[in-house]
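Some notes on the structure that comes next.
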Protein chains: 2
Amino acid sequence: MNFYVDKIKNNGLKVTPRRKAIINIFNHCRVHLTPEDIFTRLKEEFSHCGLPSVYRNLEILAECGILARIYRFDNKRYYGLCHSADGAHHHHIICIKCGTIAPLKGCNLFKRKKINGFKIIDHFIQVDGICKNCQE
Amino acid sequence: MNFYVDKIKNNGLKVTPRRKAIINIFNHCRVHLTPEDIFTRLKEEFSHCGLPSVYRNLEILAECGILARIYRFDNKRYYGLCHSADGAHHHHIICIKCGTIAPLKGCNLFKRKKINGFKIIDHFIQVDGICKNCQE
DNA sequence: AATTTAAATAGAAATTTTTTTCATCTACAT
DNA sequence: ATGTAGATGAAAAAAATTTCTATTTAAATT
């Protein structure tokens, strides 16, 4: 948890019980969740937290690099805990069965400055797969 | 348009006026749009189309490979016309200023079967940048 | 330890986005 | 021409997200 606390502080943000509770949830379940999921679990397991706070905090924690934004084209936001010890550039590979998130290193896109005449500003890569456990 | 008509037919779907109208809109503006955008333009420029039909058709056209799903983390869906003459595997690069979409070839991810022990099922890559015109 | 203050919070309400339902209609294969 | 699976629109509902505001709180400063 100290790791996350530091990250929050380094971003000039406050370490609040809500934020710790949200990180805790992700730490325990290790899958990706929607704001609604978080809201439900906060009510069950931890202190209550208003839905607007959930939205704000998920977004803030994502900006701190603590949470990863997960892309699914089902019109919901998903977030997952970003398991990366160092702060190195990376993306994520998601298990479509259990939801586990693993870091995906070795992206060579961020080194390039231009592609097809476009000046590169940002990029997003996500791989969906089936993790070792779920393959059996 | 014949190119698109064939794609729709090849997917066992009907070529309806609505679908042609939607493709027409994308063909004229060449940027990425939300379902709401499409709905508005259909009312203005082409025949009217109910909002549910817009949602359904955008999704259907995306599955045919005619439209590309664009990822923005602002909680809206975006679609854009996929300008790729052949059916080769590719992704997209988006201009964050004007919204233009260009194909991004040379993805080497889809060749790999496994990464980090994960069996790869799918992957998504998107690059955001500024196109030649908008750089000036 | 008390004070201060900018940031964070909850809760309600409003807004926006998306989906469902269902009766009707249509593209197109036969 | 006709039959049929697929497509459509209208209305309604559901779901997701944001706004607003009064209140509370973390943590820096006394």
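Below, chains carry the letters A, B, ... as their sequence lines are ordered, and counting in each starts from 1.
- If you measure from atom CD1 of I38(B) to atom P of dT8(D), you get 14 Å, rounded to the nearest angstrom.
- Here dA14(D) presents its P atom at 15 Å from CD of E36(A), a figure rounded to the nearest Å.
- In this structure, CG of L61(B) is placed 10 Å from P of dA7(D), rounded to the nearest angstrom.
- Between R72(B) atom CZ and dT17(C) atom C1' the separation is 18 Å, expressed in whole Å.
- Classification of the H123(A)-H89(A) ring pair by plane angle, with boundaries at 30° and 60°, yields tilted.
- Nucleotide dT16(C) holds its C1' atom 12 Å from the OH atom of Y55(A), rounded to whole Å.
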>> Run the salt bridge (charged side-chain N to carboxylate O under 4.0 Å, His left out) test on E59(A) and R77(A) for me, step by step, so that the C-alpha distance in whole Å, both residues' side-chain angles and the decisive distance to 0.1 Å come before the verdict.
In response: CA-CA 10 Å; E59(A) 207 36 36; R77(A) 300 186 195 204; 3.7 Å; yes
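- Applying the 4.0 Å criterion to OP1 and OP2 of dT17(C), one finds that K76(B) has a side-chain N or O inside that range.
- The side chain of R18(A) contributes no N or O atom lying less than 4.0 Å from OP1 or OP2 of dA8(C).
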Listed pairs, N/O of protein and of nucleotides 26-29 of chain D, under 3.5 Å:
unit_1	atom_1	unit_2	atom_2	d
dA26(D)	O3'	V15(A)	O	3.4
dA26(D)	N3	K14(A)	NZ	3.2
dA27(D)	OP1	V15(A)	N	2.8

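- Summarising the geometry, the separation between CG on L51(B) and P on dT16(C) is reported as 14 Å, rounded to the nearest angstrom.
- The side chain of R19(B) places an N or O atom within less than 4.0 Å of a non-bridging phosphate oxygen (OP1 or OP2) of dA7(D).
- Between L33(A) and the options F26(A), Y79(A), Y78(A), a side chain to side chain contact (heavy atoms under 4.5 Å, CB included) holds for only F26(A).
- Annotation: side chain of H32(A) is in contact with side chain of R72(A) (closest heavy-atom distance under 4.5 Å).
- Between the C1' atom of dA27(C) and the NZ atom of K20(B) lies a distance of 11 Å, rounded to the nearest Å.
- In terms of phosphate contacts, R56(B) brings no side-chain nitrogen or oxygen within less than 4.0 Å of OP1 or OP2 of dA7(D).
- More than 12 heavy atoms of other residues, nucleotides or ligands shown are found within 6.0 angstrom of CG on D6(B).
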> Could you walk me through whether H92(B) and Y71(B) pass the ring-ring contact (aromatic ring centres under 6.0 Å, His included) check?
Replying inline: CA-CA 10 Å; H92(B) 297 95; Y71(B) 174 43; over 10 Å; no
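- Between H48(B) and F39(B), the ring centre distance stays below 6.0 Å.
- Atom P of nucleotide dA7(D) and atom CD of E59(B) are separated by 14 Å, given to the nearest angstrom.
- For H48(B) and dA10(D), the shortest distance from a side-chain N or O to OP1 or OP2 is below 4.0 Å.
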